[in-house]
Amino acid sequence: MENIADKTIITVVGKDTVGIIASVCTYLSESGINVLDISQTIVSGYFNMMMIVDMSGSAKAFVECQKDLDEIGERTGVSIKCQRAEIFEKMHRI
């Protein structure tokens with residue numbers, strides 16, 4: 001069972017192009033980050049993906065992953081954001 005502290009939410013939004021999912025998933029795999037859940041849609045040519053990942057096996061620190069994914073987003077023309085699930089849940093709890 002994965003610890004909530006190890007879970008991260010990754011969102012990817014932008015104009016749809018070839019290779020977005022491949023770029024993100026290749027990076028995650030090479031970094032030892034496991035995808036737990038993934039949802040993606042394309043609406044009127046715009047790509048939207050949300051992933052929940054387990055970072056417990058990551059070879060890199062959270063901040064380094066954020067930076068790397070930002071760079072992948074710049075190269076592929078999309079916005080990629082990472083947020084710890086624990087913080088996301090606290091922010092959305094009322």
Side-chain angles (χ1 to χ4, degrees):
M1 184 172 130
E2 62 277 340
N3 182 342
I4 185 74
D6 296 325
K7 285 187 184 177
T8 297
I9 297 171
I10 298 173
T11 56
V12 182
V13 179
K15 189 97 172 111
D16 187 35
T17 58
V18 173
I20 297 170
I21 297 172
S23 297
V24 174
C25 289
T26 297
Y27 172 80
L28 295 175
S29 175
E30 290 173 351
S31 300
I33 299 170
N34 186 37
V35 176
L36 301 173
D37 202 356
I38 183 171
S39 171
Q40 66 94 27
T41 58
I42 299 169
V43 179
S44 296
Y46 290 93
F47 179 85
N48 183 13
M49 178 169 67
M50 179 178 168
M51 306 172 90
I52 300 173
V53 301
D54 177 4
M55 294 198 56
S56 63
S58 177
K60 299 181 179 186
F62 178 80
V63 175
E64 188 178 358
C65 290
Q66 281 182 311
K67 181 179 175 286
D68 292 346
L69 287 167
D70 279 343
E71 291 172 4
I72 291 169
E74 286 177 23
R75 285 196 308 269
T76 55
V78 295
S79 172
I80 303 177
K81 301 296 177 202
C82 298
Q83 186 174 25
R84 294 187 188 276
E86 183 177 29
I87 292 171
F88 183 87
E89 287 184 12
K90 286 180 181 176
M91 283 177 34
H92 293 88
R93 190 179 305 158
I94 298 178

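All values below come from the heavy atoms of this structure, side chains included, with hydrogens, waters and symmetry mates left out. We count residues from 1, following the sequence as given. In this text the structure is predicted, and so the values were computed from the model without any measurement.
- Under the 4.5 Å side-chain heavy-atom criterion for Ile, Leu, Val, Met, Phe, Trp and Tyr, Leu36 and Phe62 are members of distinct hydrophobic clusters.
- You'll find the side chain of Ser23 stays beyond 4.5 Å of the side chain of Arg75, heavy atoms only.
- Taking the side chain to side chain donor-acceptor pair (under 3.5 Å) definition, one finds that Glu64 meets it with nothing, sequence neighbours left out.
- Between the CG atom in Leu69 and the NZ atom in Lys81 there is a gap of 10.5 Å [rounded to 0.5 Å].
- Separation of atoms CD1 (Ile20) and CD1 (Ile72) is listed at 12.0 Å; rounding is to 0.5 Å.
- Annotation: cation-pi geometry satisfied between Lys15 and Tyr46 (NZ/CZ under 6.0 angstrom from ring centroid, within 45° of ring axis).
- Note: Asn48 CG to Thr41 OG1 = 4.5 Å, rounded to the nearest 0.5 Å.
- Under the 4.5 Å side-chain contact rule for hydrophobic residues, Val13 and Ile9 do not share a cluster.
- Interatomic distance, Asp70 CG to Ser79 OG, rounded to the nearest 0.5 Å: 7.5 Å.
- The closest side-chain heavy-atom distance from Met51 to Val24 is below 4.5 Å.
- Between Val78 and Met49, every side-chain heavy-atom pair lies at or beyond the 4.5 Å cut-off.
- To the nearest 0.5 Å, the span separating CG on Asp54 from CG on Asp37 amounts to 12.5 Å.
- The distance from the CD1 atom of Ile33 to the CE atom of Met55 is 4.0 Å, given to the nearest 0.5 Å.
- Ile42 and Val12 fall within the same hydrophobic cluster, defined by Ile, Leu, Val, Met, Phe, Trp and Tyr side-chain heavy atoms under 4.5 Å apart, directly or through other members.
- For Lys67, the salt bridge (charged side-chain N to carboxylate O under 4.0 Å, His left out) partners at least two apart in sequence or on another chain are Glu71.
- Between Leu28 and Ile10 the shortest side-chain heavy-atom distance falls below 4.5 Å.
- Applying the side chain to side chain donor-acceptor pair (under 3.5 Å) criterion to Asp68, with sequence neighbours excluded, gives Tyr27, Lys60.
- Residues Cys65 and Ser58 form a side-chain contact, since some pair of their non-hydrogen atoms from C-beta on lies under 4.5 Å apart.
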